[in-house]
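Contents: one structure, followed by commentary.
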2 protein chains.
Amino acid sequence: MVQIPNQQPAQRSVPTSADVARLAGVSRATVSYVLNNASAVRISEPTRRRVHDAARELGYVPHAAARSLRAGHSRMVLMPTSEIPMGPLFGRFFNELQWALSRLDYTVVQYASLGMTGEDAARAWAELRPVAVLAPDASALGPRGVTVLKRSGAKAVFTLGPQRVEGAHALLMDGRRVGEAAALHLLARGRRRIGAIVPTEPGLEIFSRPRVEGLRRAVGTAHITGASVTELPLAHTEESAAALAARWRSLGLEAVFAYNDEYAMLVMRALQDEGIAIPEEAAVIGSDDLMLGRLLRPRLSTVRIELPSGRGLAELVDRVVRDPGAGPEVHDVLAADVVHRESS
Amino acid sequence: MVQIPNQQPAQRSVPTSADVARLAGVSRATVSYVLNNASAVRISEPTRRRVHDAARELGYVPHAAARSLRAGHSRMVLMPTSEIPMGPLFGRFFNELQWALSRLDYTVVQYASLGMTGEDAARAWAELRPVAVLAPDASALGPRGVTVLKRSGAKAVFTLGPQRVEGAHALLMDGRRVGEAAALHLLARGRRRIGAIVPTEPGLEIFSRPRVEGLRRAVGTAHITGASVTELPLAHTEESAAALAARWRSLGLEAVFAYNDEYAMLVMRALQDEGIAIPEEAAVIGSDDLMLGRLLRPRLSTVRIELPSGRGLAELVDRVVRDPGAGPEVHDVLAADVVHRESS
DNA sequence: TTGAAAGCGATACCAA
DNA sequence: TTGGTATCGCTTTCAA
């Protein structure tokens, strides 16, 4: 650790608009008019300049809290972050959304409320008085949480994940679509007895459950004799995958749907190391269409997921903020289709 | 899209502590005392209950802006997010840090200031009057930005990345360590002419430049005749990798350091498809020790990066917030060592 | 034990 | 064109 001598003297206190007014020799009102380009009043050019100069000299920055307190509302969009890291797919969507919202002049803020759940978390969020809340995890919110947020003045409450919650708008990302697409593909290719990898990592079940459920449902409604789904818990480790591969033949399965491409890679490698031929002895399909799937040999079949454009959602949020009267809307936004390569 | 009829009637206005006071039949002061468990004053038990009941009935949530305005300070730690998504390594570190800070009773908020740069961004952050700012990208801040933040009352300004900036504390993550480790390893294994993959993706050069620089430096100071470093630009696509592989033999290189494991995988696959033996004809080493490296054949050698514990940093931040007097400290926190597997 | 009131910083109405 | 001032919601000192 390197110590660098402190060069700045004792902090002057933080400059306020009153300081700017004093230095410029005008009233605080005038400062406000000038700095906000108030169109209702005309301020003379010399005064404008004096105010701007004073503000620059003092390094004045307006106080967002004071401003929104006075205004009675803010343009803050709160996006609670969940602990589970999002993949590249969701990450890109998030970034796009954020960018689009800031284009619409919203201040997007991510707030991690680690450890809390439901109403507690909602209360913590509500203290910030956001104009909109976009929550990725509906279950960690609940109808009570939605009520708390709305009571605190939030005009729009959206959930973004695989679940919805009463009272909130929903961008429903129905993971069952993914499982269904995988099931139809595998069945069409003559596979009957299908294994479903279920990650044991905590937090992931919110995403994995619907996928398996969709797989189950599609296999069930296909009415093909002998068709079945077997859940295979798997940790994100080589050992776990090796253990699964070791008992693969005893399971009597013909195919495996692997939650996502990373788990698919893990499983495929373990099966190959066990001498099991892919896709002959075991068809493998993943999900999310990651780059790595194309680099595997055989190339990995996968379910490609399509999320809506962040811009569209940003406009939707804006619309709801401006007209909160309408009831909650549910948008079904996840599309899934199979990219067939060599592993299935 | 499904429309659900709006069940809630017109929003009542957001309840304030005055509303709670009115309903409980006490003064606002008493409400504040009760809800904040003020130890300086004793409030009778019946009054406490009346206040709590009233607050619950109204769904009262305190107004953070008003509170911090009155208090003159907040406990908000601002973490500006960069557009480039962070990998699992940095992501884990970030999560840990966030958690540790919230344990210390800070409100951690991520704020994306997309599009702005330097002072503009700093001003936007300063409006929120955070008590501390942890910026991952020093270059998008600059000494001026640091000044703006400090003037606005920030007690601690940290940069977290590969660069530092004057006036701010730094958790320096010196990527040159990574390149150095890779170079020493490859040289020790008898490789002389080394290629360095440089991602062409914008934003990544902040991380890739130092790694290549470290590689260069280590190769240079080794004083081994014939040792050289050749930069190889590469996009994150199969085509780009295939093009590189096609001209590999004409490059006359013996080894390649691939920025990180993902690019290593991309390159390795392309080389293998071109019939180039690994590691015989081309030694490959990546970085970040991702799971996928262990799943490749040959198994991927990699540079493992060790970041400090989030808890430690959280305590450091807390210390600086409590005692901002001391000058900025520079902590060198990145450790790198080689995990030798089969590809080198 | 409780209440009245000042004041944090910025804005917008009304007067001058 | 500019200034005085009330106000947003909350905390805290001082009085009662």
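Atom-to-atom, CZ of A:Arg151 to P of D:dG9 comes out at 16 Å; the value is rounded to the nearest Å. In this entry the distance linking CZ of A:Arg50 with P of D:dT1 reads 15 Å, nearest Å. For the pair A:Arg42 CZ and D:dT1 C1', the computed distance is 11 Å after rounding to whole Å. Atom NE2 in B:His73 sits roughly 12 Å away from atom P in D:dT11 (whole-Å rounding). Distance CG (A:Leu69) to P (D:dT11): 12 Å, rounded to an integer number of Å.
No more than 12 heavy atoms of other residues, nucleotides or ligands sit less than 6.0 Å from atom CZ of B:Arg144.
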Side-chain donor/acceptor pairs under 3.5 Å, residues 65-72 of chain B, sequence neighbours excluded:
{"from": "B:Ser68", "atom 1": "OG", "to": "B:Ala64", "atom 2": "O", "distance (Å)": "3.4"}
{"from": "B:Ser68", "atom 1": "OG", "to": "B:Ala65", "atom 2": "O", "distance (Å)": "3.4"}

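Within 4.0 Å (heavy atoms only), A:Ser68 reaches no atom of the nucleic acid at all. Across all strands shown, A:Val26 has heavy atoms under 4.0 Å from sugar-phosphate atoms exclusively, and none from any base.
Protein chain B touches strand DNA chain C; the 5'-most and 3'-most nucleotides with an atom under 4.0 angstrom of its non-hydrogen atoms are C:dT1 to C:dG9.
Salt-bridge formation is detected for the pair A:Arg311/A:Glu315: a Lys NZ or Arg NE/NH1/NH2 atom is positioned less than 4.0 Å from an Asp or Glu carboxylate oxygen. With respect to A:Asp53 and A:Arg50, no salt bridge is recorded, no charged nitrogen being found less than 4.0 Å from a carboxylate O.
Applying the salt bridge (Lys or Arg N to Asp or Glu O under 4.0 Å) criterion to B:Arg322, with sequence neighbours excluded, gives B:Asp318. Partners of A:Asp137 under the salt bridge (Lys or Arg N to Asp or Glu O under 4.0 Å) rule, at least two apart in sequence or in another chain, do not exist in this structure.
Side-chain N or O atoms of B:Ser17 include none that pairs as donor or acceptor with a backbone N or O of B:Ser32 at under 3.5 Å.
Within the 4.5 Å cutoff, the side chain of B:Phe94 has no heavy atoms near those of the A:Thr81 side chain. Residues B:His52 and B:Val34 have side chains in contact (heavy-atom distance under 4.5 Å, counting atoms from C-beta outward). In this structure the side chain of A:Thr147 never reaches within 4.5 angstrom of the side chain of A:Glu119, judged on heavy atoms. The closest side-chain heavy-atom distance from B:Val133 to B:Lys150 is not below 4.5 Å.
The rotation axes computed at either terminus of the helix from C:dT1-D:dA16 to C:dA16-D:dT1 lie 50° apart, taking five pairs at each end and rounding to 10 degrees.
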Between protein and nucleotides 12-16 of chain D, what N or O pairs are separated by less than 3.5 Å?
{"from": "D:dT13", "atom 1": "O4", "to": "B:Tyr33", "atom 2": "OH", "distance (Å)": "2.9"}

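Applying the 4.0 Å criterion to OP1 and OP2 of D:dC10, one finds that B:Ser17 has a side-chain N or O inside that range.
Take the nearest nucleotide of DNA chain C for B:Thr47 and for B:Arg129: the residue whose nucleotide is more 5' is B:Thr47.
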